[in-house]
> 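Let me begin by handing over the structure; questions about it come next.
Order of appearance sets the numbers: ligands from 1, and atoms from 1 within every ligand. Note that the structure is predicted; figures quoted are calculated from it, not measured. FYI, side chains are in, hydrogens and waters are out, and symmetry mates aren't considered; it's all heavy atoms of this structure.
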Amino acid sequence: MSRVYNFSAGPAVLPEEVLKEVAAEMMDYNGTGMSVMEMSHRSAAFQQIIDDAEQDLRDLMNIPDNYKVLFLQGGASQQFAMIPMNLMKNKSADYIVTGQWAKKAYQEAQKYGKANKIASSEDKTFSYIPDCSDLPVSPDADYVYICENNTIYGTKFKELPNTKGKLLVSDVSSCFLSEPVDVSKYGIIYGGVQKNIGPAGMVIVIIREDLITEDVLPGTPTMLTYKTHADAGSLYNTPNAYCIYVCGKVFKWLKAMGGLEEMKRRNEEKAKILYDFLDQSRLFKGTVVAKDRSLMNVPFVTGDKEMDAKFVKEAAAAGLVNLKGHRSVGGMRASIYNAMPKAGVEALVAFMKKFEEENA
Ligand SMILES: *Cc1c(COP(=O)(O)O)cnc(C)c1O
C-alpha cells in the first residue's frame with residue numbers, strides 16, 4: 001500500500017486512523033455482523049451512531065442547547081436555496097460576495113426574493129476580504145450571508161461582519177472544525193462535510209431553534225424545510241448513514257487530538273510553514289492579501305502558466321497530488337485541512353525548494 005499526500009480541495013484527505021478503523025469494521029460493525037452500509041437507519045445500532053456523532057460535534061463546537069444539528073443531503077449547494085426558502089420572511093437578504101461559492105448563493109437567493117450584494121471583492125479576483133465593519137445592511141434584511149473561508153481563492157474572514165443586529169448565516173464548508181467558533185454569533189452555520197470532515201454527500205446545518213418554523217416560502221418542498229428534519233432528528237427519510245458514521249469517527253479523532261484549540265494550533269503551524277516559504281521564494285508567490293489568508297486553502301503561482309503546469313506534474317510524480325489551482329485563479333492550490341499531517345506540508349515545501357533551485 002502506498003499513500004500520497006493529497007492536497008485536494010474536496011473531497012479531501014481523511015485521517016488515516018479513521019480510514020483504518022472503518023476498514024476494520026467493514027464486515028462486522030460492533031458485533032452486528034454487518035457493515036454500517038447495510039444497516040437500517042431505524043436500527044438501535046444506527047441510532048447510537050447518529051446520537052454519538054451529534055453529541056461529539058456538540059462537545060467539539062460547544063454548541064448551545066438552543067441550536068439544532070441537522071445532517072442533510074444535497075451538499076452545501078442545496079443550502080443556497082434552502083436558506084432563503086426558510087428564512088426570507090421579508091423577501092430580502094444581504095450577501096457579502098467574496099468568491100464563487102458566495103456568488104452562487106447570492107444568485108440562487110435572487111430566485112426567492114431581493115438579494116442585495118452589500119460588499120464584494122470581485123474587483124481584485126476575490127484576493128481579499130472587504131472591510132465589513134460598517135456595511136449598508138438593509139433595514140428589512142432577513143439575514144446577512146457570508147462564505148467564511150473561500151475555498152477557491154484562499155481567503156478567510158478573520159473577524160465576522162458587523163451585521164447591525166441582523167442574523168448571520170455562514171457557509172463554513174472549508175473551515176469546519178479547523179478552529180474554535182462561537183456558535184451563538186450565528187443564526188445558521190453550515191458546511192458540506194467533504195472538505196474538512198468526511199466523505200462527500202452530506203451537509204451539516206447548525207441552526208438556532210427559533211428559525212425552525214412552518215412559516216416558509218409558499219411552495220417550499222417538505223424535504224427543503226428545516227422543520228421536517230429537525231422534528232425527525234435528521235431521520236425523516238434515509239440519511240447518508242455511512243457518511244454520518246465516518247464523520248462521527250472523525251469527531252472522535254478530533255476529540256482525541258485535543259479538540260478545536262489544538263487543531264487551530266496545528267493548522268496555524270502547518271500554514272506558517274507554507275506561507276513563510278512563499279514569502280521569501282524567488283519563484284512562487286501567494287495570491288492573497290496576507291492578513292486575509294486562509295489556514296486551509298493556500299493558492300500560489302509562479303506567474304508562468306507552463307512553469308505552473310510543470311510544477312503540478314512533477315509534484316504529482318513525487319507523491320504530492322491534486323495541487324492544480326482552480327481554473328479561475330490558475331496556478332496551484334494546496335489544501336491543508338485538519339487531516340493533512342505537518343509532514344505533508346514539510347514534504348511540499350521541500351519539493352518546492354528543490355523545484356525552485358532547478359528552475360528559477
Ligand atoms: C465545496 C464548497 C461548496 C459546495 O459544496 P457541495 O457539497 O459540492 O455542494 C460550497 N461552499 C464552499 C465554501 C465550498 O468549499
> Got a donor-acceptor contact below 3.5 angstrom from the T228 side chain to the T222 backbone?
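A pair under 3.5 Å: yes.
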> For the side chain of D171 and the backbone of G192, is there at least one donor-acceptor N/O pair under 3.5 Å apart?
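No; judged by distance alone, with no hydrogens or angles, the pair does not exist.
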> Look at atom 5 (O) of ligand 1 and say which protein heavy atom is nearest, naming residue and atom and giving the distance to 0.1 Å.
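That would be A76 CB, 3.5 Å.
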> Should the pair Y143 and Y95 be assigned to parallel (<30°), tilted (30 to 60°) or perpendicular (>60°) ring geometry?
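Taking Y95 first and then Y143, their aromatic rings stand perpendicular (interplane angle over 60°).
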> Which of these, F176, F80, W101, has its nearest heavy atom closest to atom 3 (C) of ligand 1?
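Checking each option, the heavy atom nearest atom 3 (C) of ligand 1 is found in W101.
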> Taking atom types as modelled and ignoring hydrogens, do the side chains of Y337 and N297 form a donor-acceptor contact shorter than 3.5 angstrom?
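Judged by distance alone, the side chains do pair up.
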> Which atoms of ligand 1 are found less than 4.0 Å from any heavy atom of C147?
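Result: 13 (C).
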> Could a heavy atom of G10 be found less than 4.0 Å from some atom of ligand 1?
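No, G10 has no heavy atom closer than 4.0 Å to ligand 1.
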> For atom 11 (N) of ligand 1, what's the nearest protein heavy atom and its distance?
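Scanning the protein heavy atoms, the shortest distance from atom 11 (N) of ligand 1 goes to D171 OD2, 2.6 Å.
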> May I ask you to identify the nearest protein heavy atom to atom 9 (O) of ligand 1, giving residue, atom name and distance to one decimal place in Å?
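Going by distance alone, atom 9 (O) of ligand 1 is nearest to S77 OG, 2.6 Å.
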> Go through D56 and K255 one step at a time and tell me if the salt bridge (Lys or Arg N to Asp or Glu O under 4.0 Å) criterion holds.
CA-CA 8 Å; D56 286 332; K255 279 178 125 178; 2.7 Å; yes
> Within ligand 1, which atoms have a heavy atom of Q194 less than 4.0 Å away?
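With Q194 as reference, the close atoms of ligand 1 come out as 5 (O), 6 (P), 7 (O), 8 (O).
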> Where is the nearest protein heavy atom to atom 2 (C) of ligand 1: which residue, which atom, and how far?
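Of the protein heavy atoms, K195 NZ, 2.5 Å lies nearest.
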> Going by atom types alone, do S178 and N267 pair a side-chain donor with an acceptor below 3.5 Å?
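S178 vs N267: no donor-acceptor pair found between side chains.
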> Please indicate whether any nitrogen or oxygen in Q78 is less than 3.5 Å from any nitrogen or oxygen in ligand 1.
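No, no N or O pair falls under 3.5 Å.
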> Using a distance-only test with no angle check, is there a side-chain donor-acceptor pair under 3.5 angstrom linking T213 and K89?
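Side chains of T213 and K89: pair found under 3.5 Å.
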> Which of the atoms in ligand 1, numbered in the order shown and given with their element, are less than 4.0 Å from a heavy-atom of T151?
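Close to T151: 12 (C), 13 (C), 14 (C), 15 (O).
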